[in-house]
Amino acid sequence: MKQPSFKFQSPTGMKDILPEEQVYFDAIEEVARKYASFYSFLRIDTPILEDYQLFAKGTGEATDIVEKQMYVLKTKGDEILALRPEFTPSLARSYFENGMIAWPHPVKLYTMGPVFRYEKPQAGRYRQFHQLNFETFGSKRPITDIEVIWLFYNILKDLKIKDLAVQINSIGDSQCRPYYKKVLVRYLKSQERNLCPTCKKRLKTNPLRVLDCKEEKCQKVISEAPQILDHLCDECKDHFKRVLEYLDDLEIPYILNPYLVRGLDYYTKTVFEIVSQSGPDGRQNALVGGGRYDDLLKLIGKKDIPACGGAMGVERVIALMKESGFKIQQATPQIFIAQLGDKAKTQTLKLMEDLRKMNILTESQLSKDSLTNQLKIANKLNVKFAVIIGEEEVLSKSVIIRDMSNGTQISASFDKAAEKIKQKIKGQKKS
Ligand code: HAM
C-alpha cells in the first residue's frame with residue numbers, strides 16, 4: 001500500500017527539548033530547588049488543564065491572554081477547559097481546594113512547568129514555554145514583595161545572567177485606581193485620534209494597558225499621560241515607599257517605570273519585571289514578571305487573602321545562559337567497563353549496579369563487542385580506570401582493573417571488584 005507523503009512536525013511555536021537543552025533545565029531546576037528550600041517555599045504541581053473560567057475570571061476577561069491567547073477545549077463530557085496560560089490562578093485555586101487556608105501563614109509555594117499561550121512566535125516568544133513561579137499567600141507586608149524579587153534576582157545571578165535591573169511601579173488598589181482610571185481615560189479620549197487601533201479598543205476595555213503600548217504612534221501620547229504614582233492613596237504610597245527603600249538597602253538596581261502596568265488584570269500595588277540590559281535592543285527581554293495581587297484570592301475563594309509572586313521565563317533565561325557561556329557541570333565517568341561475550345555483559349550490569357551504589361560514575365557500551373574499540377572509548381572519556389571482563393574473567397569469576405594513566409593492570413575477584421575499584425580511586429586521589 002502506498003504510504004501517504006506527509007511529514008509530522010511539532011506544532012508552531014512549540015519545540016522538543018533535546019538532551020543538550022535538558023542540562024540547562026536541570027541547572028535551573030537545581031538552583032530553584034536550592035533557593036526554595038532555603039527560603040521555605042514548598043513545591044506544588046497543578047494540572048496543565050483547568051476550568052476555562054478560572055483564567056477568564058482570574059487572569060481577566062479583557063487581557064490579551066484570555067481574549068486572544070488561550071488554548072480552549074471542550075471535552076467529551078462538555079466541560080470547557082483551558083491549557084494553563086500561567087500558574088497564578090491555578091495556585092490560588094489549589095490554596096483553597098486543599099485547605100491551605102488552615103496552614104501557618106504566609107503559605108509560600110513554588111512550581112515549574114509548561115504554560116501555553118497562542119502568541120505570534122518569535123525569538124524568546126513561544127506558544128509552549130516554561131515558567132518558574134514563586135507565590136506567597138497571606139502577607140500584606142512590603143517585605144514580602146521584596147522577598148520574591150530578591151529570590152529571582154539572586155537565582156538569575158547564580159545562573160550568571162548579567163546586567164540585571166528591576167523595573168518597578170505601583171498601580172494602586174481598589175481605593176485609588178478607579179479615580180486614576182477616570183483621569184487617564186479623560187486624557188486618552190482627548191488624544192484618541194493619535195492612538196493605534198488596538199489602543200482605541202483598549203481605551204474602552206482596559207485603559208491602563210495603553211500605557212505599555214510599544215507603537216510609536218502611542219508613545220507621544222503616553223509620555224504626556226497622567227501618572228498613577230501621582231494618584232496613589234496613602235496606603236499604596238507608603239507600601240511603595242517601603243518597597244523602594246528595601247531595594248535601596250539591598251542594593252538591587254532598579255528603574256522606576258511609571259508606565260509598567262503588566263498585562264494581567266489581578267495586580268494591585270507593586271508590579272515588577274526583571275530584565276537583563278545586556279541583551280540586544282528589541283529583544284523580548286523581560287525575564288521575570290510579577291507583583292502583588294491582593295484581590296485575586298477573594299475573586300477565586302471569596303476570602304480576603306493578600307498575595308504576591310512572580311514567574312520567570314525559563315527559555316529566555318536559557319538563551320542568555322548560553323550567550324554568557326554558563327558552564328554546565330557535567331559529571332564525567334571515573335570508570336569504563338569493557339566486556340566481551342554475553343556472560344560478561346550481565347556481569348558488567350551487576351558490577352555497574354555495585355558501583356552506582358558507591359556513587360562511582362561508570363560508563364560501558366554493552367552493544368559493542370570489540371575490546372579494542374571499547375578501550376579506545378575509555379581512552380577518549382579520559383577515565384582513570386578501565387575494568388575488563390573477558391571470557392577468561394567470566395570463567396575465573398574475576399575482573400581486570402587497568403590504570404589508564406600507565407597501563408598497569410591487576411586482577412580482582414568479581415565479588416571484591418567494586419570495593420577494590422573504590423580503594424584504587426581513593427588511593428589515586430591521595431597520591
Ligand atoms: P508574565 O509576565 O505573563 O507573568 O510571564 C512571566 C514571564 O514568562 C515573562 O517575564 C517571560 O520571561 C515569560 N514569558 C511570557 N510569555 C512568554 C512566551 N510567549 N514565550 C516565552 N516566555 C514567555 C505571569 O505569567 C504571571 N503569572 C507572573 C506572576 C506570578 N505574577 C504574580 N505571580
Indicate yes or no: does [X] engage [Y] in a salt bridge with an N to O separation below 4.0 Å.
{"X": "Arg356", "Y": "Glu353", "answer": "yes"}
{"X": "Lys15", "Y": "Glu315", "answer": "no"}
{"X": "Arg117", "Y": "Glu86", "answer": "no"}
{"X": "Asp212", "Y": "Arg202", "answer": "no"}
{"X": "Lys220", "Y": "Glu215", "answer": "no"}
{"X": "Glu50", "Y": "Arg84", "answer": "no"}

*Whether Gln334 side chain and Leu361 backbone form a donor-acceptor pair below 3.5 Å*: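 Confirmed, Gln334 side chain pairs with Leu361 backbone.
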*Using the salt bridge (Lys or Arg N to Asp or Glu O under 4.0 Å) rule, collect all pairs that involve residues 151-175, keeping only residues at least two apart or in two chains.*
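Applying salt bridge (Lys or Arg N to Asp or Glu O under 4.0 Å) to every pair that reaches into residues 151-175, excluding sequence neighbours, yields Lys34-Asp158.
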*asked:* Looking at Tyr118, I'd like to know if its OH atom is crowded, meaning that more than 12 non-hydrogen atoms belonging to other residues, nucleotides or ligands lie closer than 6.0 Å.
replied: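 Atom OH in Tyr118 is not packed in, count stays at 12 or less.
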Are side-chain N/O atoms of [X] and [Y] paired as donor and acceptor at under 3.5 Å?
{"X": "Thr136", "Y": "Glu147", "answer": "no"}
{"X": "Tyr95", "Y": "Trp103", "answer": "no"}
{"X": "Asp230", "Y": "Gln227", "answer": "no"}
{"X": "Thr268", "Y": "Tyr293", "answer": "no"}
{"X": "Gln339", "Y": "Lys345", "answer": "yes"}

*Please work out whether the ring planes of Phe152 and Phe272 are parallel, tilted or perpendicular, with thresholds of 30° and 60°.*
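Ring orientation of Phe152 relative to Phe272: tilted.
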*Determine whether Tyr110 and Asn133 make a side-chain contact, defined as any pair of heavy atoms from C-beta on separated by less than 4.5 Å.*
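Counting from C-beta outward, Tyr110 and Asn133 never come under 4.5 Å.
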*Taking the side chain as every heavy atom from C-beta outward, state whether Leu42 and Lys108 have any atom pair closer than 4.5 Å.*
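No, side chains not in contact.
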_Name of the residue among Met321, His130, Arg33 meeting side chain to side chain contact (heavy atoms under 4.5 Å, CB included) with Ile28_ =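 Output: one option passes, namely Met321.
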